[in-house]
Amino acid sequence: MERFTIEQLRVVDFVEHVRRRPEMYFLVEQGSPELPTEVLRTVAWDSLHRRDGRHGQISVEIGSDLSFTVESDQRPSADERERYLPRFFGSLLDMFDVQRWAPSAAAALCVRTVIEVWLDGHGYRQELVGMDPTGAWEKFSAPKPVGTRITFHLDPSFCGPREAIAWALRPEELHGETCKEHPSPTTFPISDLRSETEKSVSE
């Protein structure tokens, strides 16, 4: 039996782990033509399901072959004074609230991620390169009372130059056993700016 020592062990940070083992997060390996679509599907699933188990309101916009935006009406986490606080890697990404890891895992595969968070009329915007913020948050007047809007630009050197988002999502892929306990309408708009077409997904 091969024996391991402490010297052989190495701590791998979150970003490196996602990029080394994307199949653990998105079900497909690096090099799979389905990877961009699976990243989008995973983020959409996470955004659709609220913390209380119910379904929220979301919208999806495909900006290019390797970029997409997901907007959600989920209320961001805040402190007792309703102030938004730094999250994962000191950014606006809210990874550790009820293990909502999907946006963070997607950002780990991106060359650029733009996050907007709206909380009680206050807006916060931040840009990331990978998981590293390019600067402090920018404050602005929020267009809605609460919600989150994140735009992901996937890394073409990681995904492959000929890979692209091919939206072929089946409604049942966004649901699990717990969804039966909280049935609610799940139709949401999907805008594909590449062909200027608009689709919707419903139960």
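Every value quoted in this text rests on a predicted model; they were computed, and no experiment measured them.
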Next item on the list: Write down the atom of A102, the atom of D46, and the distance for their closest heavy-atom approach.
Entry: CB-CB, 3.6 Å

Notebook entry, point to check: With the 4.5 Å side-chain cut-off for hydrophobic clustering, are V111 and L66 part of the same group?
Noted result: no

Margin query: Check whether S32 reaches the backbone of V28 with its side chain - one donor and one acceptor, N or O, closer than 3.5 Å.
Written below: no

Item checked: Check against salt bridge (charged side-chain N to carboxylate O under 4.0 Å, His left out), R19 and E16 -> CA-CA 5 Å; R19 295 180 77 90; E16 183 178 355; over 6 Å; no

Check: Do T69 and F152 come close enough that some side-chain heavy atom pair is under 4.5 Å?
Finding: no

Check: Who else is in the cluster with W118 when I, L, V, M, F, W and Y are joined by side-chain contacts under 4.5 Å?
Finding: F140

Check: Quick one: does E127's side chain have a donor or acceptor within less than 3.5 Å of a partner on R112's backbone?
Finding: no

Check: Does one hydrophobic cluster hold both V129 and V39, with members joined at side-chain heavy-atom distances below 4.5 Å?
Finding: no

Margin query: Using only atom types and a distance under 3.5 Å, with no angle test, would you say the side chain of Q74 pairs donor to acceptor with the backbone of G147?
Written below: no

Notebook entry, point to check: Thinking salt bridges, do K144 and D73 make one under a 4.0 Å N-O criterion?
Noted result: no

Note to self: With a 4.5 Å cut-off on side-chain heavy atoms, are H17 and Y25 touching?
What the structure shows: yes

Check: Who passes salt bridge (charged side-chain N to carboxylate O under 4.0 Å, His left out) against E23, sequence neighbours left out?
Finding: R21

Note to self: Can you confirm whether I150 sits close enough to V114 that some side-chain heavy atom of one is under 4.5 Å from a side-chain heavy atom of the other?
What the structure shows: no

